Visitor: 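Pasting a structure below so you can have a look.
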Protein chains: 2
Amino acid sequence: MSENLHLAPLARTWSKRVQLSHADREAILALPFRRETFAKDEYLIREGQQPTECTLLLRGFAYRQKVLRDGGRQIIAFLVPGEFADLQANVLGTADHNVQSLNRSEAAIIPRAVLLELAEVRPAVRRAMWIETLIGASIVREWVVNVGRRDSRARIAHLLCEIAIRLQGAGAGDGAMFDFPVTQEQLADATGLTPVHTNRTLQALRREGLIQLTSGSLKILNWHGLREVGDFDDLYLHQDGAAKQLDSLR
Amino acid sequence: MSENLHLAPLARTWSKRVQLSHADREAILALPFRRETFAKDEYLIREGQQPTECTLLLRGFAYRQKVLRDGGRQIIAFLVPGEFADLQANVLGTADHNVQSLNRSEAAIIPRAVLLELAEVRPAVRRAMWIETLIGASIVREWVVNVGRRDSRARIAHLLCEIAIRLQGAGAGDGAMFDFPVTQEQLADATGLTPVHTNRTLQALRREGLIQLTSGSLKILNWHGLREVGDFDDLYLHQDGAAKQLDSLR
DNA sequence: CGTTAATTTGAGACCATTCAATTTCGGTGG
DNA sequence: CCACCGAAATTGAATGGTCTCAAATTAACG
């Protein structure tokens, strides 16, 4: 019983999207699973794999990633607790990208068949899964815009705005300070820039008094300014609450 | 009856993904709809709208797009017949991007409630919708990689490879020649390049004997070469058939 | 056959990259 | 607790890919 409160992050994420009945919630928390921990940069899943289990992030962070022939790496998304690393792969059959752990993280491994059956039986659950997928897709779309059309300053500012709102929504921040142990190299891989230029751009943002980014935590010093620089509009996150909270900041 | 064969592109797309029963197929073709035509660059849906109808592309092409504050435009995806322009918006409630017609196109407008009810009632249909969404998301992910990490030559080559395979899969090509009336400006907006540089890059690809791109149609002269230049791997399209066909080309 | 859209060309400027070296930070063992 | 180590962050200088701006040419269309 109380064991299964480990799956609370999942119920939390889903109940933000849809109305879950008491029975829905019970069924979610009763899902069978085993726990697993991942070291920094350890793979949760690899491109080409055909998983039979679903990996749900419980603690820590992860990122989706693809590697080019020339060795270059592009980060495609960041994952926060309560999100699945490989739901797509479990539905489509084959993973089309890699997922790596951002820091030391912990995940629940749930048998694929059980999870998909739950969706089949419970309309609210499958609506939640459906919606989570759609929001994930929306975020990636915005990344295409970010990486395709914004200069380095706006690109990084935009990404930091997104991270702030999503962490806020995940309950992992106090409105201005966020625990997000990302390296500049990972930031570079997420924005399509080089580590060197990422470093210089971060310095500029700091110099302008917009942020404070020390290893492990991100502090937003001037939310409205950062938003302005990043050409940021939170509509694409489909997550009203957290955005409003940050907007009301000084 | 025969009227409703207009929805055949939808049944076709879906049946590529899942096994549709006869009854499923009947139910799909019996969906109520009205037809609408769109001029080049006309909007099928706009960011911020809260649609009550679903727009299914029947003939012609369309593209997803976002506009920046500074006026820049980034194309996020191309749509082929049989795909929905605004299914996400209908599930999430609000459109988070724009969809424009690539050329003169035709669409079926289906009441949202009816379509979602069909998904609720027919497991195969909702699996097809689910899968279509996931594949769409996979494609956008690859676009992040394309725009974020590849140089202009690889970027355009990769995009052309994708277009070729998807058109092949949609039955709109003979293996090497495809009817795809895209302008260089649209190609530029899709790759995150300027029209000028897109033009120069296309010239390079032509000079190397890889493609022939005249207004309105794309001809692949050297598939394997183009694939090589574009660092292209079709796994992310989750569409085995069409890729294999092209691979077997000279 | 005129008119507008689309493509093509040229030259200079700039943003981001590359390559290499240095400094700082975080963690670990003595 | 300090010395050490590897990882991460920072700095410098030169190169280069892509952009900008503008103009010319070609193609599409009524």
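By convention in this document, chain letters (A, B, ...) are assigned in the order of the sequence lines, proteins followed by strands, and residues within each chain are numbered from 1. Since this is a predicted model, take the numbers as computed values, not measurements.
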Visitor: Picking from D:dA8, C:dT18, C:dT7, which would you name as closest to the side chain of A:T183?
Guide: D:dA8
Visitor: Where each residue is assigned the nucleotide of DNA chain D containing its nearest heavy atom, which of B:R155 and A:L202 is assigned the position nearer the 5′ end?
Guide: A:L202
Visitor: What's the CZ-P distance between A:R150 and C:dA16, to the nearest Å?
Guide: 14 Å
Visitor: Which listed nucleotide (C:dT9, D:dA8, C:dA6) is nearest to the side chain of B:K40?
Guide: C:dA6
Visitor: Taking for each residue the nucleotide of DNA chain D bearing the nearest heavy atom, is the 5' side occupied by A:D41 or by A:R149?
Guide: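 Final value for this comparison: A:D41.
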Visitor: Looking at every strand, decide which applies to B:R206 at a 4.0 Å heavy-atom threshold: base, sugar-phosphate, or nothing.
Guide: sugar-phosphate
Visitor: For the residue pair A:F232 and A:W223, does the interplanar ring angle fall in the parallel (under 30°), tilted (30 to 60°) or perpendicular (over 60°) class?
Guide: perpendicular
Visitor: Can you measure B:H197 atom NE2 to C:dC15 atom P for me and round it to whole angstrom units?
Guide: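 Answer to the nearest Å: 17 Å.
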Visitor: Let's go through A:F78 and A:F61 carefully: what are the C-alpha distance in whole Å and the side-chain angles of both, what is the deciding distance for ring pair (Phe, Tyr, Trp, His ring centres under 6.0 Å) to 0.1 Å, and is it a yes or a no?
Guide: CA-CA 7 Å; A:F78 288 114; A:F61 303 97; 8.6 Å; no
Visitor: In whole Å, I'd like the distance from the CZ atom of B:R153 to the P atom of D:dG17.
Guide: 12 Å
Visitor: Answer yes or no: does a side-chain N or O of A:Q203 lie under 4.0 Å from OP1 or OP2 of D:dT11?
Guide: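 Result: yes.
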Visitor: Of the candidate nucleotides C:dA20, C:dA6, C:dT7, which contains the atom at the shortest distance from the side chain of B:N199?
Guide: C:dT7
Visitor: Given atom CG of A:D151 and atom C1' of C:dT17, what is their separation to the nearest angstrom?
Guide: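 Going from CG in A:D151 over to C1' in C:dT17 covers 16 Å.
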Visitor: What is the distance, rounded to the nearest whole Å, between atom CG of A:D70 and atom C1' of C:dT17?
Guide: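 For the pair A:D70 CG and C:dT17 C1', the rounded distance is 14 Å.
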Visitor: Quick one: B:Q184 CD to D:dA28 P, roughly how many Å, whole number?
Guide: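 It is 12 Å, rounded to the nearest whole Å.
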Visitor: Starting from P on C:dT8, measure out to CD on B:E185 and report it in whole angstrom.
Guide: 14 Å
Visitor: Base, sugar-phosphate, or nothing for B:L193, non-hydrogen atoms under 4.0 angstrom?
Guide: sugar-phosphate
Visitor: Side-chain N or O of A:S152 versus OP1/OP2 of C:dA16: is the shortest distance under 4.0 Å?
Guide: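 Checking C:dA16 against A:S152, a side-chain N or O does come within under 4.0 Å of OP1 or OP2.
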Visitor: Check the pair A:Y63, A:N98 against side-chain hydrogen bond (donor to acceptor under 3.5 Å, both in side chains), reporting the backbone distance first and the verdict last.
Guide: CA-CA 8 Å; A:Y63 56 90; A:N98 308 295; over 6 Å; no
Visitor: In whole angstrom, what separates A:L205's CG from D:dA9's P?
Guide: 15 Å
Visitor: I need the single residue from A:I156, A:L218, A:L205 that forms a side-chain contact (heavy atoms from CB on, under 4.5 Å) with A:L213. Which is it?
Guide: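 The passing option is A:L218.
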Visitor: Consider the side chain of B:R200, meaning its heavy atoms from C-beta on, and name the nucleotide among C:dA16, C:dA11, D:dT11 that approaches it most closely.
Guide: C:dA11
Visitor: Is it true that the side chains of A:Q203 and A:N199 contain a donor and an acceptor less than 3.5 Å apart?
Guide: yes
